Amino acid sequence: MNPAAGTALAVLLSLVSAAGYALAAVAQSRLAAASPAAPDGRGALRALLARGQWWWAVGLNAAGALAHVAALHYGPLTLVQPLGALTLVAALPLGAYCARRRVTRTEWRGALWTLGGLVGLVAVTGPTAPGEALSLRESLVVAAATALLIAALASGRLQGRERRGNGGPAARGLGHATASGIASGVASALTQTLTAALALDLPGTEPTWWQTALLAVLISGFASGGLLLSQAAYRGGLAAPLAVVNLSNPAAAAVIGVALLGETFRAGAWGWLVAAGASLVAARGVVLLTKGGTPEPTVVAVAVPAPAVPAPVVPAPAATATATATATAIQAEARPMPIPRLPDLTAPETGPTPAPVGG
């Protein structure tokens, strides 16, 4: 197969993988929203394994992973991994449809920015042969370093106690989402190493059966850990954790590809500049997609009742008559009493004239 046909097939398989991962992410987010948070991790895991929706999500993730592995067989790691960011673009209308809402203009703008950044990344992807893979020693070193980093991110040690105490479910989920993306990116790099080992084309000495089995165990561990970490991250929503997963996944794969596999970009230094600009464009698109689904605060007009004015008390007729009589009596008592006139003692006493004696 010529390089152009191989690149086209890798892009097609990457799109199929992104669609499978998008469906799985929507299913996981709905499952996380329907499942109450449990303090017991083992009890929560048992309850999760008993849900049929979880196994549908696992099957969709497995289908996406198989398409991703096939894409890695035909294309380089720096081409296949950035296309995984299309998972967010595909999950956008799916999540909106399941939530029974429309995709906002901000979300569509974010999708266009993300696609523009991805087109720029694909345009400058280097011509490194897809058969390049990590050696067994490099694989073990990468696995050990990644396990320590994932443990620190999942436990929240890199965020600080203050942020862990004050952050909500969304803030706590970003650490799980970052750890999930890194685990998936490393699993992809180790998968490429395993396919080279099975084809007896691994750099260095020919691997033995236990070394190949060890690679398979590491891949299974990182893939399962990434799936469980993403499920924990989706408790804070769908957009923000999925955006962080889609950023950290290709970032981890790109670091491995450039630092250990010798992968590079076309046009030398100019290719690096274009790749950096395309990464910024894609990052802005992811930020818009993250903020686009946040509902705006709604101002609700609340009718405030006017203060109640007490109605005048109208007295009853009987009470009115009684009150009038009482007031009249009080006024009558308040009038001055007439003062009787005393007799004038200075006037000569008049009376009947006594009869003369003896006449």
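This structure is a prediction, so every number in the text was calculated from the model and none was measured.
- Looking at every heavy atom in both residues, Pro241 comes nearest to Ala177 through O-CB, 3.5 Å.
- The cluster map of Ile, Leu, Val, Met, Phe, Trp and Tyr, joined by side-chain heavy atoms under 4.5 Å apart, puts Leu140 and Ile219 in the same cluster.
- Rounding to the nearest 0.5 Å gives a distance of 10.0 Å between CG of Leu15 and OG1 of Thr87.
- In this structure the side chain of Tyr97 never reaches within 4.5 angstrom of the side chain of Pro93, judged on heavy atoms.
- Linking Ile, Leu, Val, Met, Phe, Trp and Tyr whenever their side-chain heavy atoms come within less than 4.5 Å leaves Val245 and Val26 in two separate clusters.
- When all heavy atoms are compared, the tightest approach of Ala22 to Ala90 is CB-CB, 3.6 Å.
- To the nearest 0.5 Å, the span separating CD on Glu138 from CG on Leu190 amounts to 11.0 Å.
- Partners of Trp209 according to the side chain to side chain donor-acceptor pair (under 3.5 Å) rule, which considers only residues two or more places apart in sequence or in another chain, do not exist here.
- We find the CZ-CZ distance between Arg109 and Arg284 to be 6.0 Å, quoted to the nearest 0.5 Å.
- Residue Leu134 is grouped with residue Leu149 when hydrophobic side chains (ILVMFWY) are merged at heavy-atom distances under 4.5 angstrom, including chains of intermediate members.
- Counting only distance, with no hydrogens or angles, the side chain of Arg30 and the backbone of Cys98 share a donor-acceptor pair below 3.5 Å.
- The line from CG of Leu23 to CG of Asn61 is 10.0 Å long, rounded to the nearest 0.5 Å.
- For the side-chain contact (heavy atoms from CB on, under 4.5 Å) test with Val186, the passing option among Thr191, Ile150, Thr146, Leu218 is Thr146; the others fail.
- Dense packing is recorded around CH2 of Trp54, with more than 12 heavy atoms of other residues, nucleotides or ligands lying under 6.0 Å away.
- Note that CZ of Arg235 is 8.5 Å distant from CG of Leu31, once rounded to the nearest 0.5 Å.
- Within the model, atoms OG of Ser14 and OH of Tyr74 stand 12.5 Å from one another, a figure rounded to the nearest 0.5 Å.
- Residues Leu136 and Leu214 share a hydrophobic cluster, clusters being chains of Ile/Leu/Val/Met/Phe/Trp/Tyr side chains in contact below 4.5 Å.
- Taking both residues in full, the closest heavy atoms of Ile182 and Ser248 are given as N-OG, 3.9 Å, listed atom of the first, atom of the second, then distance.
- Residues Val103 and Ala96 approach most closely at CG2-CB, 3.7 Å, considering heavy atoms.
- For the pair Gly116 and Val281, the tightest heavy-atom approach, listed with the atom from each and the gap, is C-CG1, 4.3 Å.
- Residues Ala57 and Ala24 share a closest heavy-atom pair of O-CB, 3.6 Å.
- Cluster annotation: Tyr234 and Leu94 are assigned to the same hydrophobic cluster (Ile/Leu/Val/Met/Phe/Trp/Tyr, side-chain heavy-atom contacts under 4.5 Å, transitive).
- Remark: the backbone N or O of Ser180 is not paired with any side-chain donor or acceptor of Ser230 at under 3.5 angstrom.
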